Amino acid sequence: FVVPFESLHLNCSPILVHLSRDFSPLSWSEYFEAMEDVEVENDNAKDISFTHGPVLLLLHGGGHSALSWAVFTAVIYNRINCRVVAMDLRAHGDTKVKNSDDLSAETMAKDIGKVVEALYGENPPPIMMIGHSMGGAIAVHTAAANHVPSLLGLCVIDVVEGTAMDALNSMQNFLRSRPKTFKSVENAIEWSVKSGQIRNVESARVSMGGQVKKCEEPLNSPGVSKSISDGIIEEEEEEEEEGESNHKRKKEDDQEVKETLYTWQIDLSKTEKYWEGWFSGLSALFLSCPVPKLLLLAGVDRLDKDLTIGQMQGKFQMQVLPQCGHAVHEDAPEKVADALASFMVRHKFTEFKEGFLW
């Protein structure tokens, strides 16, 4: 961008500044201690505890994965005494189930209970369940059905019945507006940031790897769109020419179009029949959960009538985190961690870590 010298009160010519951001993927291992496969049909409990404190059970939104919580996990772990378990919901991330097409709220809620039982057996530790968007709705269904008997509290992030139900009519249009393919994971990360889907570059660099997978279909196959590189919002730097032979070879490769592409891990458009079941009646269900509750929103306009009344009656704590997109915990992981840490310490679920200054 160009900075006029008048605005800087300097007696010099305009300055051209070129900002280059790193969109290379980051590994999950920079944020989590281990990645475990949990077999829910196995009778032997598999305790994966590495530290003490209550377990924060993190449920991601539709189309995302456990990696959505990576940066938040690093932040919250440094604030309070806790353990963190972030899971890939069915048909998402690396999770494999027999019937991946069944994404009903009832089935997904049962999944949560089965995972907790598989991890901890009949005596699970105290658990604070935290869910974003679809994951928030599933968290509410899970809590209401008492699938997690050791539940301490419930935190729902940016999902409210009224606005969610209103948004369903335009959801297919939104999904169709997204790119179908990407030339690389870096390309997907760049799109997510520049389109505003994830506003935190660090989070996008670790999260997007769980949202896309390799697609073997060639670029010019029916139903496969051109790579998003053709539609990146900001212009890329022109590459230097590498000589006539390389240019000729590239031209031949373009004609054959045999490059590996990436596409979405899950086709959310095919899950439409379950959307209403995730969100219908959610406000009443949330208010009925008999544990302390925290609702984090990107905007106060998202509150519906039932929740407005419930909030006035003190049935749950609410905090609005402005200047965030829908992926609140990715855009502002420190603000979400601060809100959650304060909530949990206030309810005596845990304590701040020694040396942490609040």
Side-chain angles (χ1 to χ4, degrees), residues 26-36 47-61 64-87 116 119-120 124-133 135-136 139 143 148 150-159 198-207 210 291-298 316-358:
L26 293 173
S27 171
W28 65 267
S29 60
E30 296 187 34
Y31 303 91
F32 297 99
E33 292 183 339
M35 180 184 293
E36 297 282 350
D47 193 332
I48 59 172
S49 301
F50 294 97
T51 57
H52 298 290
V55 171
L56 307 186
L57 182 59
L58 310 179
L59 310 180
H60 61 78
H64 290 250
S65 76
L67 296 178
S68 173
W69 299 99
V71 179
F72 165 81
T73 294
V75 176
I76 194 69
Y77 188 74
N78 288 324
R79 278 166 169 64
I80 57 175
N81 295 316
C82 65
R83 293 170 273 180
V84 178
V85 174
M87 63 178 285
V116 170
L119 287 175
Y120 304 111
I127 292 175
M128 176 79 191
M129 193 156 46
I130 304 159
H132 167 248
S133 194
V148 181
S150 61
L151 190 66
L152 276 178
L154 180 64
C155 174
V156 173
I157 302 177
D158 213 42
V159 57
I198 303 175
R199 302 181 184 183
N200 182 322
V201 177
E202 181 186 2
S203 190
R205 290 174 64 192
V206 64
S207 174
V291 293
K293 297 174 286 292
L294 173 64
L295 178 62
L296 299 179
L297 299 175
F316 63 93
Q317 180 182 331
M318 184 187 75
Q319 187 166 337
V320 177
L321 302 176
Q323 299 179 327
C324 293
H326 179 50
V328 181
H329 60 297
E330 295 205 55
D331 292 349
E334 293 198 356
K335 290 181 180 179
V336 173
D338 286 342
L340 184 67
S342 176
F343 176 83
M344 293 187 67
V345 170
R346 183 181 304 113
H347 287 279
K348 303 188 185 309
F349 294 160
T350 187
E351 297 176 345
F352 287 115
K353 281 196 170 178
E354 187 176 350
F356 174 72
L357 299 178
W358 177 248

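Just so it is clear, the structure is predicted and the values come from calculations on it, not from any experiment.
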Once you round to the nearest 0.5 Å, how far does OG of Ser342 lie from NE2 of His347? 9.0 Å
Does Lys353 use its side chain to pair, donor to acceptor, with the backbone of Tyr77 at less than 3.5 Å? yes
I need the Leu58 CG to Met129 CE distance, nearest 0.5 Å. 11.0 Å
Out of His64, His60, His132, which one pairs with His329 under the ring-ring contact (aromatic ring centres under 6.0 Å, His included) rule? His132
Residues Val206, Glu30; criterion side-chain contact (heavy atoms from CB on, under 4.5 Å); working and verdict: CA-CA 9 Å; Val206 64; Glu30 296 187 34; over 6 Å; no
Kindly say whether Arg199 contributes a backbone atom to a donor-acceptor pair with the side chain of Asp331 at under 3.5 angstrom? yes
side-chain contact (heavy atoms from CB on, under 4.5 Å) between Tyr31 and Leu26: does it pass, once the steps are laid out? CA-CA 9 Å; Tyr31 303 91; Leu26 293 173; 3.3 Å; yes
Looking only at heavy atoms, what is the nearest atom pair of Ser68 and Ser207, with distance? CA-OG, 3.7 Å
Taking all non-hydrogen atoms of both residues, which atom of Ser133 and which atom of Gly61 are closest, and how far apart? CB-CA, 4.2 Å
Glu334 CD: over 12 foreign heavy atoms closer than 6.0 Å: no
Taking C-beta and beyond as the side chain, do Phe343 and Met128 meet within less than 4.5 Å on heavy atoms? yes
Donor-acceptor pairs under 3.5 Å, side chain of residues 150-158 to any protein atom, not counting sequence neighbours: which ones?
residue, atom, partner, partner atom, Å
Ser150, OG, Pro125, O, 2.8
Asp158, OD1, Ala298, N, 3.0
Asp158, OD1, Arg302, NE, 2.9
Asp158, OD2, Arg302, NE, 3.2
Asp158, OD2, His326, ND1, 2.7

Is there a side-chain contact (heavy atoms from CB on, under 4.5 Å) between Glu330 and Val336 once you walk through the steps? CA-CA 9 Å; Glu330 295 205 55; Val336 173; over 6 Å; no
Looking only at heavy atoms, what is the nearest atom pair of Cys82 and Ile76, with distance? SG-O, 4.3 Å
Would you indicate whether the side-chain heavy atoms of Arg205 and Val201 approach each other to under 4.5 Å? yes
Output for pair (Gln317 CD, Leu296 CG), nearest 0.5 Å, gives 8.5 Å
Residues forming a side chain to side chain donor-acceptor pair (under 3.5 Å) with Ser27, sequence neighbours excluded: Ser29
Let me confirm one number: the CZ-CE distance from Phe349 to Met344, rounded to the nearest 0.5 Å. 7.0 Å
Taking every heavy atom of Leu294 against every heavy atom of Ala339, the minimum-distance pair comes out as CD2-O, 4.1 Å
Donor-acceptor contact below 3.5 Å, side chain Asn81 vs main chain Thr350: no
Walk me through whether Leu56 and Leu340 qualify under side-chain contact (heavy atoms from CB on, under 4.5 Å). CA-CA 10 Å; Leu56 307 186; Leu340 184 67; 4.2 Å; yes
Grab the two heavy atoms, one from Val320 and one from Pro322, that are nearest each other, plus how far apart they are. O-CD, 3.3 Å
Heavy-atom check, side chain of Trp69 versus side chain of Val84, under 4.5 Å: no
Looking at Ala66 and Ala86, what are the two nearest heavy atoms and their distance? CB-O, 3.5 Å
